[in-house]
Amino acid sequence: MIMSLVPVKDDPPLLVTPLRYGTVQPKLYRGLYPRKINIPFLRRLKLKTILSLTPEPLEAEIRRFCNEEGIEMKHIKTSKNGKKGLPITYTEVTQAIEIIIRQRHSPLYIHCLNGSQSTSLVIACLRKLSFWRTSSIFSEFMYYSEVSAADHKFVEEYKAEIQLPEDTVPWIWMGLSRKGVVENHPTVKIKSANNSTAGDDTGHNKEGTLER
């Protein structure tokens, strides 16, 4: 029997993951700046949100994909040449975390230009919020990016006031007492949604870009 080598018209699309792709938590994914070739794979994730940590918003082709799929685009503007070699600030990290920990934004894909430093810094600070040990935080960090002395200092000194949404993702303090965590977190002051007038999209314009 002779097998045909001609592709069948209805063959499924080739699924190509973005470089440095990984699953951070259920329905939370990370990786490189998404390209056209990644669209069939990203479609399989059934995303609700793409969070871009980049100097500029998503390119037109990916924006069209998001519009077609009903994916909300969030953009936090970062710097190509930030202070001390860091492309992102504590304020921007906190803005990213407040988007990530809201259940309505899941499934969410977070990325920077190369899928390494900016994304890794956000995830490292997110892990700190979740009470990960420092050794575990940087073990994960090194899987995706080199760790500089500036990166290490940035994460170790990260302190913030986090707006806690009513629909917090279930994995953020898995296995821990939520009340105890909120009251006793060693480095993060957490504001309850009931004690603030800030809504989900405070500081966002219509395109989801964070205004500063």
Side-chain angles (χ1 to χ4, degrees), residues 12-13 15-35 38-54 58 62 65-66 68-76 88 92-112 114-145 155 158 160 162-182 185 187-188 190 192-193 200-201 208:
L15 301 180
V16 179
T17 63
L19 292 176
R20 297 193 177 95
Y21 171 80
T23 300
V24 180
Q25 287 288 353
K27 298 184 179 182
L28 174 59
Y29 314 101
R30 61 174 292 169
L32 193 79
Y33 193 105
R35 304 296 181 188
N38 306 133
I39 287 177
F41 176 80
L42 294 175
R43 185 176 285 114
R44 291 288 187 95
L45 298 179
K46 301 185 184 300
L47 298 173
K48 287 187 179 178
T49 311
I50 291 181
L51 174 55
S52 304
L53 312 173
T54 53
L58 289 169
I62 303 301
F65 159 69
C66 290
E68 290 170 359
E69 299 292 321
I71 298 171
E72 187 174 7
M73 293 169 280
K74 299 284 190 182
H75 175 232
I76 296 177
I88 197 166
E92 292 156 357
V93 166
T94 301
Q95 290 169 342
I97 289 175
E98 289 184 342
I99 292 170
I100 291 169
I101 64 174
R102 183 141 199 181
Q103 181 72 16
R104 61 160 288 182
H105 294 143
S106 298
L108 182 147
Y109 178 75
I110 179 174
H111 73 92
C112 49
N114 56 14
S116 57
Q117 191 180 23
S118 291
T119 301
S120 292
L121 287 169
V122 169
I123 298 304
C125 293
L126 178 68
R127 298 304 196 190
K128 190 173 183 178
L129 177 63
S130 298
F131 287 94
W132 276 38
R133 293 180 179 179
T134 301
S135 58
S136 298
I137 289 173
F138 286 104
S139 177
E140 179 182 47
F141 197 115
M142 289 186 292
Y143 185 81
Y144 295 97
S145 175
V155 176
Y158 175 70
I162 301 288
Q163 174 69 46
L164 186 68
E166 293 181 356
D167 60 335
T168 309
V169 289
W171 46 260
I172 191 68
W173 293 310
M174 187 69 71
L176 300 174
S177 166
R178 174 167 171 165
K179 182 178 180 181
V181 168
V182 170
H185 200 287
T187 60
V188 179
I190 300 172
S192 170
D200 171 60
D201 292 320

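- Put simply, NZ on Lys48 and CD1 on Ile71 are 11.5 Å apart, with the number rounded to the nearest 0.5 Å.
- The shortest heavy-atom contact between Pro34 and Tyr109 is CD-CE2, 4.2 Å.
- Scanning all heavy atoms of the two residues, the minimum distance from Val93 to Cys125 falls at CG1-CB, 3.7 Å.
- Qualifying side chain to side chain contact (heavy atoms under 4.5 Å, CB included) partners for Glu140, counting only residues two or more places apart in sequence or in other chains: Ile123, Arg127, Trp132, Tyr144.
- With sequence neighbours excluded, the residues satisfying side chain to side chain contact (heavy atoms under 4.5 Å, CB included) with Lys128 are Ile137, Tyr158, Thr187.
- Using a 4.5 Å heavy-atom threshold, the side chains of Asn114 and Leu19 count as separate.
- Evaluation of the ring pair (Phe, Tyr, Trp, His ring centres under 6.0 Å) rule for Tyr29 yields no partner, not counting sequence neighbours.
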- [ ] Could you go through the side-chain contact (heavy atoms from CB on, under 4.5 Å) check for Phe65 and Leu58 one step at a time?
- [x] CA-CA 11 Å; Phe65 159 69; Leu58 289 169; over 6 Å; no
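- Looking at residues two or more places apart in sequence or on another chain, you find no side chain to side chain donor-acceptor pair (under 3.5 Å) involving Ser106.
- Closest non-hydrogen pair, Asp167 versus Arg102, comes out as OD1-NE, 2.8 Å.
- Here Ser116 contributes atom OG and Phe141 contributes atom CZ; the two are 8.0 Å apart, rounded to the nearest 0.5 Å.
- The side chain to side chain donor-acceptor pair (under 3.5 Å) search around Arg20 returns none, not counting sequence neighbours.
- Checked by atom type, the side-chain pair Ser120/Arg30 shows a donor-acceptor distance below 3.5 Å.
- A distance-only check finds a donor-acceptor pair linking the side chain of Glu98 to the backbone of Gln163 [under 3.5 Å].
- Ser118 pairs by the side chain to side chain donor-acceptor pair (under 3.5 Å) definition with nothing, not counting sequence neighbours.
- The minimum heavy-atom distance between Ala160 and Thr94, with the atom names listed, is CB-OG1, 3.3 Å.
- Applying the side chain to side chain contact (heavy atoms under 4.5 Å, CB included) rule to Ser135 yields the partners Arg133; only residues at least two apart in sequence or on another chain are considered.
- Between atom CD of residue Glu72 and atom OG1 of residue Thr49 there is a gap of 5.0 Å, rounded to the nearest 0.5 Å.
- Note on ring orientation: taking the six-membered ring where Trp is involved, the planes of Phe41 and Tyr21 are perpendicular (angle over 60°, cut-offs 30° and 60°).
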Task: Leu28 vs Ile100, side-chain contact (heavy atoms from CB on, under 4.5 Å): CA-CA, chis, key distance, verdict - done: CA-CA 8 Å; Leu28 174 59; Ile100 291 169; 3.7 Å; yes
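- Using modelled atom types, one finds a donor on one side chain and an acceptor on the other under 3.5 Å when comparing His111 with Ser52.
- For the atom pair Ile110 CD1 and Leu53 CG, the distance stands at 4.5 Å (nearest 0.5 Å).
- Between Ala124 and Val155 the shortest heavy-atom distance is CB-CG2, 3.7 Å.
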Open item on the list: Test side-chain contact (heavy atoms from CB on, under 4.5 Å) on Leu108 and Lys27; report intermediate values, then the result.
Closed with: CA-CA 6 Å; Leu108 182 147; Lys27 298 184 179 182; over 6 Å; no
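- Between the side chain of His105 and the backbone N or O of Ile99, at least one donor-acceptor pair lies under 3.5 Å.
- The CD1 atom of Ile76 sits 5.0 Å away from atom CG of Leu51, with the distance rounded to the nearest 0.5 Å.
- For the atom pair Leu42 CG and Thr17 OG1, the distance stands at 9.5 Å (nearest 0.5 Å).
- A heavy-atom distance below 4.5 Å is not found between the side chains of Pro107 and Leu45.
- Judged by distance alone, the side chain of Ser145 and the main-chain N or O of Met142 form no donor-acceptor pair under 3.5 Å.
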- [ ] Please assess Ile101 against Ile162 for the test side-chain contact (heavy atoms from CB on, under 4.5 Å), listing each intermediate value before the final yes or no.
- [x] CA-CA 10 Å; Ile101 64 174; Ile162 301 288; 3.9 Å; yes
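- Distance alone, capped at 3.5 Å, is enough to place a donor-acceptor pair between the Asn38 side chain and the Val16 backbone.
- Checked against side chain to side chain contact (heavy atoms under 4.5 Å, CB included), Pro40 has the following partners two or more places apart in sequence or in another chain: Pro13, Leu15.
- Evaluation of the side chain to side chain donor-acceptor pair (under 3.5 Å) rule for Arg43 yields Glu69 as partners, not counting sequence neighbours.
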